[in-house]
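For reference, the structure discussed in these notes is given below.
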Amino acid sequence: MSTTIKINQAAHHVGQDVALTGWVQKRADKGKLQFITLRDGSGAMQCVVFKKNLPEEQFDAARHITLESAVRISGGLRAEPRAPGGYELDATAFEVISRAADPYPLAPKRDGGEHGTDFLLNHRHLWLRDPRQIAILRIRATLIKAIRDWLDGHGFTLVDTPIITPAAAEGTTNLFATKYFDEPAYLAQTGQLYSEATIGAFGRVYCFGPTFRAEKSDTRRHAMEFWMVEPEMAFTELDENMEVIEQFVSYCIQTVLAQRADDLAVLGRDLTHLQNVVPPFPRIHYDDAVKLLHANGYPDFPWGEDFGAPHEDAISAQFDKPVFVHHYPRAVKAFYMQPDPERPETVLACDLIAPEGYGEIVGGSQRMHDYQVLLDAIDAHKLPREAYEWYLDLRQYGSQPHSGFGMGLERVLMWLGGLPHIREALPFPRLYRRYYP
RNA sequence: UCCUGCGUAGCUCAAUCGGCAGAGCGACCGGCUGUUAACCGGUUGGUUCCUAGUUCGAGUCUAGGCGCAGGAGCCA
C-alpha cells in the first residue's frame with residue numbers, strides 16, 4: 001500500500017505513488033472522468049479519477065460518492081497548473097471508509113445563495129468544515145500562541161486562576177450560578193483578583209482561559225462564554241500599563257499577519273489597516289474623548305457617562321490605529337480601580353478601542369493598593385466584606401502600585417479577521433439563547 | 001429587557017386585491033476525458049411555526065404564543 005501523506009506535504013512527493021485519507025469536499029461528474037476534491041485537515045487537493053485507471057467497482061463508488069464521505073484515494077502525485085493548489089492526484093485506487101449520509105445539509109449552493117445564520121449555527125458541528133471557518137479557527141490558534149509567546153518572553157508567568165469561585169468580582173447579577181456541593185458557587189467572569197494575589201509570588205503573571213458572563217447581551221460582540229487573557233504586573237502604574245498593552249497588541253497582530261496571510265486571504269481581509277498597528281498608539285484623556293464626541297456627531301454627550309458602541313465607533317473613526325482612552329469617571333468603572341490622586345472623580349483606567357468599529361478590545365487599570373481605600377470602596381459598592389477578606393489581606397503584606405488588563409480573544413479575532421459577528425470567532429459559541437451544539 | 005423586521009419544499013426565497021402551492025439550488029437517475037459555484041435532459045420534493053378567530057374561502061386579515069435576524073442597553 002502506498003504511503004499516506006498529508007496534502008500540505010505534496011511538494012515533497014511529486015512523482016511518487018501516495019495515498020490520501022480525508023473527506024470529499026467537492027465533486028464534479030464528467031462521465032468517465034471524476035474530479036474529487038479531498039480535504040484532509042492540512043489542506044485540500046483535487047483527485048482525478050479516470051474510469052480506465054481503476055477497477056470498475058471502485059470507479060462506480062467514486063462516481064456516486066457523497067459529499068463529506070471519508071475515503072482513501074491512492075495514485076500518482078504530480079504538479080498540475082490547472083488544479084487548484086497546483087498539485088493533483090491521478091487515482092488508481094478509491095476506497096470508501098465511511099459513506100456520508102445523503103444529502104449533506106451544508107452542500108454549497110451553486111447559485112450563489114447562502115445558508116441562513118440559524119441553520120448554520122444549528123449545524124455548527126458540520127459548519128466547522130467550511131473553508132472560511134477553518135481559516136478563522138486557524139487564525140485563532142495562531143493568535144493564542146502569539147499571546148502566550150509574547151507574555152512568556154517578557155517576564156510573565158502563566159498562573160491559572162479558578163473557574164469555580166465563591167463570589168463575584170463585580171456583583172453577582174451577571175454570573176452563572178452553580179452549586180459547589182450544597183453551597184452556592186459561580187463561574188468566573190474574570191481571573192483578575194486571583195492574579196493580583198499571584199503577582200506577590202511572581203511579579204508579573206497572566207491567566208488565560210474561558211470566562212463566563214450571564215449578561216442578556218444579544219449583540220454581535222457578545223458571547224456568554226469567551227476567552228480572556230489577563231496580565232497583571234506588580235510595581236506598575238498606568239503609563240507603563242499602556243506601554244505594555246501597545247507592545248503586546250502590536251506583536252499579536254503582526255505575528256498573525258506574518259504567519260496566517262493565507263487564511264486572512266481566504267477571509268478576504270483588507271490588510272492595510274492591520275499593517276498600521278505598530279507602537280505608539282494614540283492616547284486621549286476621557287475629557288478629550290468627550291470633546292471629540294461633541295465635535296463628531298454627539299454634541300450633547302454628558303461628561304460622566306460610559307461610552308456605548310456608537311460612541312466608541314465615533315472615537316475610533318478619528319484614528320487609523322487602536323486608540324487608548326484613559327482616566328474614565330470613577331462612577332462607570334469597577335470598584336477596585338485606583339482613583340487619580342489629582343482628580344479623584346476619575347480612575348487610572350485605560351480602554352483600548354480597535355479601529356473599524358470593532359469596539360473595546362482591552363480594558364485595563366491601576367488597582368487600589370491601599371487597604372483602607374479598598375475597604376471603603378467595597379463598602380460603598382455594598383459588596384460582602386467576608387468574600388473579599390483574602391483580597392483585602394493582599395494589601396497588608398507588601399502592597400504596591402500594580403496594574404493589569406484584560407484582552408478579549410474573540411474581540412481581537414473579529415477585528416483581525418474582519419468578522420461581522422462573534423459567533424464565528426468561537427468553535428462552539430455560547431450566545432444569548434443558544435448553547436447547542 | 002426594549003425597538004424594527006421576518007417565519008412557505010432539505011436550503012435560499014416568490015406567491016398581485018383573501019381565490020388551484022411556485023422557482024432556483026441541493027438530492028436522485030441518465031449523458032459528457034479538464035471541471036474550478038461545470039453544462040445538458042429527466043425525477044423527487046409541502047403540518048405555509050403553533051393556537052384560536054373573521055370569512056363561502058386564509059400562506060395572505062385579527063389576537064395570543066413560540067422561534068429567528070438586525071439594532072440598542074450592558075460589557076471584553
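Any value given below was found using the heavy atoms of this structure, including those in side chains, with hydrogens, waters and symmetry copies removed. Lettering of chains follows the sequences in order, A, B, ..., and the numbering in each one begins at 1. None of these values were measured; they are calculated from a predicted model.
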Check: protein-nucleotides 68-70 of chain B nitrogen or oxygen pairs below 3.5 Å:
unit_1: B:rC68; atom_1: OP2; unit_2: A:Arg433; atom_2: NE; d: 3.4
unit_1: B:rG70; atom_1: OP1; unit_2: A:Arg423; atom_2: NH1; d: 3.2
unit_1: B:rG70; atom_1: OP1; unit_2: A:Arg423; atom_2: NH2; d: 2.8

Name the atoms and distances for all side-chain donor-acceptor pairs under 3.5 Å in residues 240-249 of chain A, with sequence neighbours left out.
unit_1: A:Glu240; atom_1: OE2; unit_2: A:Arg204; atom_2: NH2; d: 3.3
unit_1: A:Asn241; atom_1: ND2; unit_2: A:Gly404; atom_2: O; d: 3.1
unit_1: A:Glu246; atom_1: OE1; unit_2: A:Phe281; atom_2: N; d: 2.9
unit_1: A:Glu246; atom_1: OE2; unit_2: A:Arg283; atom_2: NH2; d: 3.4

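- Straight-line distance from the CG atom of A:Asp29 to the P atom of B:rU35: 14 Å, rounded to whole Å.
- Residues satisfying the side chain to side chain contact (heavy atoms under 4.5 Å, CB included) criterion with A:Pro55, sequence neighbours excluded, are A:Glu57, A:Gln58.
- In the region residues 294-310 of chain A, proximity to RNA chain B at under 4.0 angstrom, judged on heavy atoms, holds for A:Asp306, A:Gly308, A:Ala309, A:Pro310.
- The side-chain ring of A:Phe226 is stacked on the base of B:rA76, judged by centre separation under 5.5 angstrom and plane angle under 30 degrees.
- If you check distances only, the side chain of A:Ser217 never reaches the base of B:rC75 with a donor-acceptor pair under 3.5 Å.
- The A:Arg213 side chain lies nearest to B:rA76 when the options are B:rG34, B:rA76, B:rG30.
- For the segment residues 44-56 of chain A, residues with any heavy atom less than 4.0 angstrom from an atom of RNA chain B are, sorted by number, A:Gln46, A:Phe50, A:Lys52.
- For RNA chain B, none of the residues of residues 122-152 of chain A falls under the heavy-atom distance limit of 4.0 Å.
- Applying the 4.0 Å criterion to OP1 and OP2 of B:rU35, one finds that A:Lys26 has every side-chain N and O outside that range.
- Here the C1' atom of nucleotide B:rU12 and the CG atom of A:Leu120 are 11 Å apart, to the nearest Å.
- In this structure, B:rG24 forms a base pair with B:rC11, meeting either the Watson-Crick or the G-U wobble geometry with both donor-acceptor distances under 3.5 Å.
- A donor N or O paired with an acceptor N or O is found under 3.5 Å between the base of B:rG34 and the side-chain atoms of A:Glu88.
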